[in-house]
Each structure stands twice: as structure tokens, then as C-alpha cells.
Amino acid sequence: MLDLTYETPKPKVIAGAKHDWELVIGLEVHAQVSSNAKLFSGASTQFGAEPNSNVAFVDSAMPGMLPVINEYCVEQAVRTGLGLKAEIHLKSAFDRKNYFYPDLPQGYQISQLYEPIVGEGEILVDMGPGVARLVRIERIHLEQDAGKSVHDMDPNMSFVDLNRTGVALMEIVSRPDIRGPEEAAAYVTKMRQILRYLGTCDGNMQNGNLRADVNVSICRPGQYEKYMETQDFSHLGTRCEIKNMNSMRFIQAAIEYEARRQIAIVEAGGEVSQETRLYDPDKNETRSMRSKEEAHDYRYFPCPDLLPLEIEQEWVDDIGKGLPELPDEKKARFINDYGVTEYDASVLTAEVDLANYFEASVGKGDGKKTANWVINEVMGRANKAEKAPQDLVAPEANASILAMVASDEISTKIAKEVLEIHIETKGDPATIVEEKGLKQVTDTGAIEAALDEIIAANPAQVEKAKQNPKLAGWFVGQVMKATGGKANPKAVNQLVAQKLNG
């Protein structure tokens, strides 16, 4: 948490018909490893390729084909573990998880149940300025993805696309430390942010490259504290898993519905069944998919085709040396070095490209003023144009415009006009100011002459302003209008005050 201190948010409380209830949530995030090849084959991981075109013999379970571990995928998992301040296991092993599904040609999934590559870690989930939840990571393991069944191409047949089969996934399992729907969405958002900073997953939820299984249970107030003291799950309610969530909004809605469903069951004297459920966004409800399986239901056993995976500490240390500055560290540095608010630092570090863009825009200027400019002026226009800020305005242009404001060469109002012209023409800001005659009028003689004309033409307004000093702003506005907005506002205000009070 560096030098930033946080308060822990209060848990979400839902009022039932008889009692108040709290939520307890744990997440399993499935993140597709950013790699060119699959976990155990050299087949491409390119998204959107023709169905069944990125499939090697081992992916399609051809007889006699043996898996070969992709070292880069292992490196990406280690990098992720280090980014989450987690323990890296120098020895791990792969297991077979046996189940039948049409898009799983082997009839099993190669995963890591007993000896995962990454152990316990943590992630700090920001919930607003000065408020955050520290969530414990239980483990990260590597596993193969399955293929995709397609049911909407023919009314009588289903099709199978094996392009995703064998793609490397990291399953990132949290402890049940999350206490509300908003926290769950914020957790996935923060996890996605860290993975993108690390370059280990692109976080594209629309393509299914990041998705989450959400475990939800309820308990009476005070029971969660007993669980934390004892780590005894009997203090918590029976959990239900909501599968394959790929939207922050749907994650929140599904948790809210599922919690209320469980409360209604328990308050009616029933018992919640442990099961896997699906969320239907059209009906805003969860529905039963299957009873929750335990590990023994999958008949896990060590994969006979793969030796235990052993890595060296020196290799892990080398990966650690190459880690980028991560969001929490970058956010703290922006606050300390640039004097920006915690909120602005959170906005600017949301994406690494935006953080780099901001720093390039600062140049030798004022960090706080640059942050306000980038967030309010550039990002506002970029969002409207549906472009990234760097694709709309070069950071050097921001630095140039803000430098002219700082030197009183142009006013803030003119700066916005220069920005609009730059966006339209891509012209150099300094050249735009020169050619358009937009330089600020700092000659007090010229400003005074304009003000004297306005005072002479409006004697009644002068008398009113002398009686009510708040009306002096009218004269400031008239001078700015007379000079085309180019008069130095500070000089105008000083002269107006002198003339009216003289």
C-alpha cells in the first residue's frame, strides 16, 4: 500500500423480511495468457480465425500426440504471480481433470489442482479515495481452455470450434474476502488493470479472454468475523457459483439477485443447495445449471504425459527484475511527484497507455494543471470522438499549449480554442497562436484604453458597480469581449478594480 493509507469498506447489508444479512464473495478469474502459441502445442492463439484452423494434432486429441509445455506461458504465470505479490512455487505439477463435453476432444482438461505454480498473494481493490479492500489470493494455476460449442448456426445441429482448445489460461482464485457486488466488480477491474500492466493478459472480456466465476453466500452480521478468526467455513452460508461472467455490470446484478434468492430461501426455513448457476441478463435472474461438483467428481490424477514442472529461483528473480511499475506504485508516485489528487491519480493510471500519455504531456510543466487538462479537456473530447487520447492529441501538443498558458502567452479560454484547432488540423500549437493572432494582450495601456471607452459609454452601470462591487464583473466581461477574449484576465480585473474604486 506504499505510503497511502486506506480505510476498509463496510460490508454490503441486505435487509431480509426477518433479519439483516451480509454477503460473502469469492472469485475465480480465468485469464487467457497473452502468448502466440497454446499451452501444450505450437498452434496459433489468434482470435477470430476461421473455425478449426488453429488446431494442432495434440489439441484435437489425435492418438499418440503428446503435450509439450510452452515455456513462455509458464513465464507469464510467474510474472502474474510476482505482480500480485504472491509466492512462486519452484515445483508444480499438472493433473488431468476428467469430464465429458463435446468441445473437449481429449475427454479431460490438463490443469493444476494439487501443486499450482503460484501460491498466496494479495490485491488492493480501490473503492474510492481513501477506501480499499485488501483481497487475499489463494492460488494461480495454469490450465488448458476448452473449445466452443456453436448452437445458433443450424436449427437441428450444433457445431464445435476447437480454435480455443489448448489455449493457456491462468485461473486466479481469491479467498472469500469480497463483501459486496460493487467490490466484486472493482476486484475484477483491478485484476484486469494489473494483468494489462504486466502484459500477461489483454483483458478483453468481449472475446472471452477474461471471465469470472463468482461464488456467493450469505451470513448474519458477525459471522464473517468468526470465520476470519477461525478460518472455519461453517460460520458462512452455503455458496453457489455463478459461471462465466464477462461483464462488470452483470457481475453486480447477478450477485444482487443471487443474494436475495438465498435470503428468501433461508428465511422461509429452507436450505441453500450448493450448485453451479448461470445468470440470464434478459430476465435478471440466476438459474440452476448443475449441482456443484467436488474435486473427486472429476477423478483428478497426475497427468502421465507431463513431468513435474521445476523452475529455478534465478529465473524467477530475472522475471521479477523486468516487472513494470504497477498501478498502485504508479498512483502513489503521481500523487507524490505531481501533486495530483488521489481521484485524478486513479483516473490517470487506469490504463498504462494513459499514464504514459499524461507523463509525456507534463513535460517541464505543472503536473496538477496537466492532470486537469488531460482529464477534463483531452479525455472529454477523446471519449466523444471514441478515440484514445494519444490518437486525438499528441502529448507534445498538450505540453506546448500548457506552457503558453503558464507564460501568460495565451489564456485558458484561448488554450481550449487552440486545442480544437490542433485536433482539426494537427497543426503546431505555437504556430496556430501566431498565425491566428491569439496571443494574450498583456499591454495594460491597450486594456486600459478599452476599459475607459466602456466606462465612458455606461455611466449608469458605473454607479451601480460602485454601490455593489459584485457588478464589476460586467466590466471585465465587456473588456474581454472587446479584445476578442485575448486580454489578460488578471490585468483586466486589477484595472477594473482601480477604475471603479478610484
Side-chain angles (χ1 to χ4, degrees), residues 28-46 49 51-81 86-119 138-149 160-173 200-201 208-209 213 293-313 315-316 319:
E28 300 166 12
V29 173
H30 300 262
Q32 179 177 319
V33 174
S34 291
S35 63
N36 293 328
K38 297 182 180 181
L39 184 56
F40 298 116
S41 82
S44 172
T45 59
Q46 179 189 5
N52 297 305
S53 61
N54 293 342
V55 186
F57 287 139
V58 67
D59 303 324
S60 57
M62 290 292 104
M65 296 296 102
L66 297 176
V68 178
I69 190 73
N70 181 338
E71 181 179 332
Y72 184 70
C73 292
V74 177
E75 180 181 334
Q76 291 284 66
V78 171
R79 184 175 288 108
T80 300
E87 177 188 4
I88 306 301
H89 296 155
L90 300 183
K91 182 179 178 181
S92 59
F94 288 95
D95 308 290
R96 286 187 181 180
K97 179 182 180 181
N98 296 273
Y99 64 97
F100 171 77
Y101 215 70
D103 55 23
L104 192 68
Q106 294 166 313
Y108 59 83
Q109 178 187 35
I110 300 178
S111 184
Q112 293 185 312
L113 175 66
Y114 301 110
E115 297 181 75
I117 189 166
V118 178
E138 179 182 333
R139 55 187 276 144
I140 303 175
H141 64 258
L142 278 168
E143 64 184 18
Q144 299 170 299
D145 202 352
K148 181 181 180 181
S149 295
V160 174
D161 180 4
L162 298 181
N163 279 349
R164 290 188 69 94
T165 305
V167 167
L169 294 179
M170 295 177 289
E171 182 167 329
I172 307 169
V173 183
T200 56
C201 174
N209 296 354
D213 298 340
E293 298 92 343
E294 302 294 345
H296 60 78
D297 293 321
Y298 289 109
R299 302 187 345 270
Y300 277 97
F301 61 84
C303 182
D305 294 335
L306 291 161
L307 291 170
L309 181 62
E310 296 187 8
I311 58 179
E312 296 181 352
Q313 185 62 49
W315 187 61
V316 174
I319 295 172

Distance-minimising heavy-atom pair for [X] and [Y]:
X	Y	result
Tyr72	Ser35	CD2-CB, 3.8 Å
Pro302	Asp95	CA-OD1, 3.6 Å
Cys201	Ala31	SG-CB, 3.9 Å
Leu104	Ala146	CD1-CB, 4.1 Å
Ala93	Gln112	O-CG, 3.2 Å

Partner set under ring-ring contact (aromatic ring centres under 6.0 Å, His included) for Phe301, not counting sequence neighbours: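 For Phe301 there are no ring-ring contact (aromatic ring centres under 6.0 Å, His included) partners, ignoring immediate neighbours.
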Roughly how far, to the nearest 0.5 Å, is [atom2] of [Y] from [atom1] of [X]?
X	Y	atom1	atom2	answer
Asp103	Leu162	CG	CG	7.5 Å
His30	Glu28	NE2	CD	5.5 Å
Trp315	Ile319	CH2	CD1	4.0 Å
Ser92	Ile311	OG	CD1	6.5 Å
Leu39	Phe94	CG	CZ	5.5 Å
Leu169	Leu142	CG	CG	9.0 Å

Can you check whether [Y]'s main-chain N or O pairs, donor with acceptor, with [X]'s side chain at less than 3.5 Å?
X	Y	value
Gln144	Ile110	yes
His141	Leu113	no
Asn163	Asn54	yes
Asp145	Gly166	no
Asn98	Tyr108	no

Any donor-acceptor N or O pair under 3.5 Å, side chains Glu143, Ser111: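 Yes, a side-chain donor-acceptor pair sits under 3.5 Å.
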Passes side chain to side chain contact (heavy atoms under 4.5 Å, CB included), His89 versus Ile140? Steps please. CA-CA 10 Å; His89 296 155; Ile140 303 175; over 6 Å; no
Residues in side chain to side chain contact (heavy atoms under 4.5 Å, CB included) with [X], at least two apart?
X	answer
Ala86	Val118
Pro308	Lys91
Ser41	Lys38, Ala43, Ala56, Val58, Asp59
Gln313	Leu90, Val316, Asp317

In chain order, what residues pass the salt bridge (Lys or Arg N to Asp or Glu O under 4.0 Å) check against Glu75, with sequence neighbours excluded?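 Glu75 satisfies salt bridge (Lys or Arg N to Asp or Glu O under 4.0 Å) with Arg79 only.
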Considering residues, nucleotides and ligands other than Phe57, do more than 12 of their heavy atoms fall under 6.0 Å from its CZ?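 Open: at most 12 neighbouring heavy atoms sit under 6.0 Å from CZ of Phe57.
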Between Ile69 and Phe40, is the side chain to side chain contact (heavy atoms under 4.5 Å, CB included) condition met? List the steps. CA-CA 5 Å; Ile69 190 73; Phe40 298 116; 3.5 Å; yes
Does Arg96 pair with Asp305 as a salt bridge, N-O distance under 4.0 Å?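 Yes, this pair counts.
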Taking the side chain as every heavy atom from C-beta outward, state whether Val74 and Ile117 have any atom pair closer than 4.5 Å.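 Sidechains of Ile117 and Val74: in contact.
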